[in-house]
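A quick write-up on the structure given underneath.
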Amino acid sequence: MQACTIQACVPVMTSSKQQEAEAAEHDPQVVVAPAGGPHSPRKDRGLWRDLTSYWILGLCNNYGYVVMLSAAHDIIKQFNPTDDDEASATGRNCHLVSTGAILLADVLPSLFVKMLMPFFPFWVNFRIAIAVACSAAGFLLVGFAHAEWMALLGVIITSASSGIGETTFLAYSSRYNKNVISTWSSGTGGAGVIGSLSYATLRDLDVSPRNTMLIMLVFPAIEAFAFWLLLRRPQVDILPVTAVESTEVLISDDKPLVGFKEKLSYIKHLFKYMLPLCLVYFFEYFINQGLVSDTCLEKRGRDLLNAFPFQFELVYFENIFLDKDSQYRWLNVDYQIGVFISRSSVNIFQLDKIWLMSIFQFINVIYFLTEVILWYTPSIWIVFVIVLWEGLLGGGAYVNTFYRMSKEISPERQQFAMAMVVQSDSYGIALAGFLAIPVHNAICGLPAAVRSVVW
């Protein structure tokens, strides 16, 4: 390797010192280690702590979000016990008070937080303390809610907690081994399975919604333990002078982003990651969301924010081993299993062409749209398979996007890039919800279909 000149090496040392000082200023957990130190890939015996911590953090951060969606029926039903007895004139099961109120309360606050976080100071301990406190407060508010607004406020606080945690943990991952992206994604997928499965199981065991929420308070405590006790403090490695050949390119192209204008101008370089991920989640949640009819809204005078139930509610099989509520819950578990499998698979299978997943997800949209209108699928097991495939696509798009970024974007810019791209799925989810309004109105206005073939 060609040795660098003194003139070329001096700027690198200055840049490294500036980076070290900046990291230490914004995060008191950062310590400085020479190259080849304890975080060096060659002898990083404590790497398991970082990987395990990020799996747990992914699990706990998304757990509340998943539980609120799984509990949507029960949260609304406890304040509107007569809704299940009322049906539209067409005979379709369109809820008067929709689980979509829960969906929007679970998505929009998180999206708002994700939009702001990349431009705020990166005070990691302060951010995580707020996230943990909000997560616990959300479970308590929903558990002890005596009015619908109180339950929705708990969901909103839980959503904000998830948004703060996701932007912070992904940005923080730029200071660790790139494989923490894999374990983080696997943990978020695990949250889907464990969250939906644990809620469905507890409810099938006749545990009340309130006691179920109180039991789940253990997860904010586990999140705090994983971050402050199990996760190692990141270290800023100082590279030896002989390891650098082209210093001018490093300083000009890969320097950390500073200032609002510089960060704003860099966003256009992230569109290649953001757009495919947004499309996948748009199609995915267009499948998972539907809307109540205008006649239902007129009956109760609800605002459009109350108009978002899951479209799984409209895929209903009569006279089988699961009742309607159980079908809804277990289809959600099935979907989350697919998400978990794909989010845990990046070290086995990688796909850089995320746009392919958006095409496959669009095909799923066509199937479910025709199914809720015609009811032509003869068995619920076919629906379970397609829902699993839907989850595989959504989880695969998420983990492959961020893993690809960890390889293609310089560490100096990963922190901001990760915090920006993580917004993409929320844009798709929110857009799908609002655009589903006329679709669900039209479906609820149609005569109820009859399954002519049942296996």
Side-chain angles (χ1 to χ4, degrees), residues 51 54-55 57-59 61-62 65 107 110-111 113-115 117-118 162-163 165-174 176-192 257 263 266-286 335-336 338-362 364 389-411 413-432:
L51 298 179
Y54 257 82
W55 193 92
L57 293 172
L59 168 68
N61 187 74
N62 281 31
Y65 168 85
V107 172
S110 177
L111 173 59
V113 167
K114 289 177 182 180
M115 292 171 62
M117 283 293 103
S162 177
E166 188 168 20
T167 53
T168 303
F169 289 131
L170 278 173
Y172 206 42
S173 70
S174 63
Y176 292 91
N177 186 292
K178 68 179 182 179
N179 283 317
V180 299
I181 295 293
S182 175
T183 56
W184 160 269
S185 300
S186 176
T188 59
L257 300 168
K263 291 180 178 180
Y266 184 68
I267 293 177
K268 62 180 180 289
H269 300 292
L270 302 176
F271 285 165
K272 63 180 180 180
Y273 306 108
M274 298 178 73
L275 291 178
L277 185 61
C278 180
L279 279 176
V280 169
Y281 274 83
F282 168 72
F283 293 138
E284 183 172 338
Y285 276 79
F286 189 82
Y335 162 78
Q336 298 294 352
V339 173
F340 173 65
I341 292 173
S342 57
R343 289 195 180 194
S344 305
S345 64
V346 72
N347 288 325
I348 301 173
F349 176 79
Q350 299 173 19
L351 181 64
D352 291 336
K353 297 178 180 179
I354 310 299
W355 58 268
L356 281 176
M357 299 186 189
S358 63
I359 293 176
F360 292 141
Q361 204 70 289
F362 177 70
N364 288 339
W389 169 241
E390 176 200 348
L392 288 171
L393 292 174
Y398 182 95
V399 66
N400 280 280
T401 295
F402 291 108
Y403 192 78
R404 178 183 170 191
M405 290 175 64
S406 70
K407 296 187 298 181
E408 296 179 355
I409 299 178
S410 64
R413 298 188 173 187
Q414 271 186 32
Q415 180 171 300
F416 175 77
M418 294 283 189
M420 281 300 305
V421 175
V422 76
Q423 305 172 20
S424 305
D425 58 350
S426 296
Y427 286 129
I429 295 169
L431 182 61

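Treat the numbers as computed from the prediction; the structure is a model and nothing was measured.
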Lys178 side chain near Tyr403 side chain, heavy-atom distance below 4.5 Å: yes

For Trp55, the ring pair (Phe, Tyr, Trp, His ring centres under 6.0 Å) test, sequence neighbours excluded, returns none

Correct closest heavy-atom pair for Ser173 and Ile181 would be OG-CD1, 3.3 Å

Quiz item: Got a donor-acceptor contact below 3.5 angstrom from the Ser342 side chain to the Gly396 backbone?
Solution: yes

Distance col, row Leu431:CG vs Cys278:SG, nearest 0.5 angstrom, shows 6.5 Å

Residues passing the ring pair (Phe, Tyr, Trp, His ring centres under 6.0 Å) test with Phe416, sequence neighbours excluded, are Phe119

So the salt bridge (Lys or Arg N to Asp or Glu O under 4.0 Å) pairs with at least one residue in residues 393-404 (sequence neighbours excluded) are Arg404-Glu408

Across all chains, not counting sequence neighbours, the side chain to side chain contact (heavy atoms under 4.5 Å, CB included) partners of Thr401 are Tyr273, Leu277, Ile354, Met405, Val421

By side-chain hydrogen bond (donor to acceptor under 3.5 Å, both in side chains), Ser424 pairs with (sequence neighbours left out) none

Between Asp425 and Val280, is any pair of side-chain heavy atoms under 4.5 Å apart? no

Separation between CG (Leu393) and CD1 (Ile359), nearest 0.5 Å, reads 11.5 Å

By ring pair (Phe, Tyr, Trp, His ring centres under 6.0 Å), Phe283 pairs with (sequence neighbours left out) Phe362

Closest non-hydrogen atoms of Thr183 and Val180, given as atom of the first, atom of the second and distance, are OG1-O, 3.1 Å

Report yes if some heavy atom in the side chain of Met115 is under 4.5 Å from a heavy atom in the side chain of Tyr427; otherwise report no. yes

Verify whether one side chain among Asn347 and Ser182 offers a donor that lies under 3.5 Å from an acceptor in the other. yes

Residues passing the side chain to side chain contact (heavy atoms under 4.5 Å, CB included) test with Val113, sequence neighbours excluded, are Met117, Ala160, Ile164

Minimal heavy-atom distance between Gly58 and Ala191, with the atoms involved, is O-CB, 4.2 Å

Taken in chain and number order and not counting sequence neighbours, the residues that satisfy side-chain hydrogen bond (donor to acceptor under 3.5 Å, both in side chains) with Thr168 are Arg127

Separation between OH (Tyr281) and CD (Gln361), nearest 0.5 Å, reads 9.5 Å

*Please tell me if the side chains of Pro118 and Gln415 come closer than 4.5 Å, counting only heavy atoms from C-beta onward.*
no

Rounded to the nearest 0.5 Å, the CD atom of Gln414 sits from the OH atom of Tyr176 at a distance of 14.0 Å

Tightest non-hydrogen contact, residues Leu111 and Ala430, listed as CD2-CB, 4.2 Å

Heavy-atom closest pair (Ser174 atom, Pro411 atom, distance to 0.1 Å) is CB-O, 4.1 Å

request  = Could you tell me whether the side chain of Asn400 reaches within less than 4.5 Å of the side chain of Val346, counting heavy atoms only?
outcome  = yes

Rounded to the nearest 0.5 Å, the CG atom of Leu392 sits from the OH atom of Tyr335 at a distance of 10.5 Å

Residues at least two apart in sequence or cross-chain that pass side-chain hydrogen bond (donor to acceptor under 3.5 Å, both in side chains) with Lys353, listed by chain then number, are none

Close side-chain approach of Asn61 to Trp184, heavy-atom, < 4.5 Å: yes

With sequence neighbours left out, the residues meeting ring pair (Phe, Tyr, Trp, His ring centres under 6.0 Å) with Phe402 are Tyr398

Taken in chain and number order and not counting sequence neighbours, the residues that satisfy side-chain hydrogen bond (donor to acceptor under 3.5 Å, both in side chains) with Ser162 are none

Closest heavy-atom pair, Arg343 versus Asn62, reported as atoms and distance to 0.1 Å, is NH1-ND2, 4.3 Å

Parallel, tilted or perpendicular: which describes the rings of His269 and Tyr266, with under 30° parallel and over 60° perpendicular? tilted

### Query
With a 4.5 Å heavy-atom cut-off, do Gln350 and Lys407 have their side chains touching?
yes

### Query
Parallel under 30°, tilted from 30 to 60°, perpendicular over 60°: which one fits the rings of Phe169 and Tyr54?
perpendicular

Taken to the nearest 0.5 Å, the spacing of Glu284 CD from Leu279 CG works out to 12.5 Å

- Item | Short side-chain donor-acceptor distance under 3.5 Å, Lys114 and Ser426 | yes

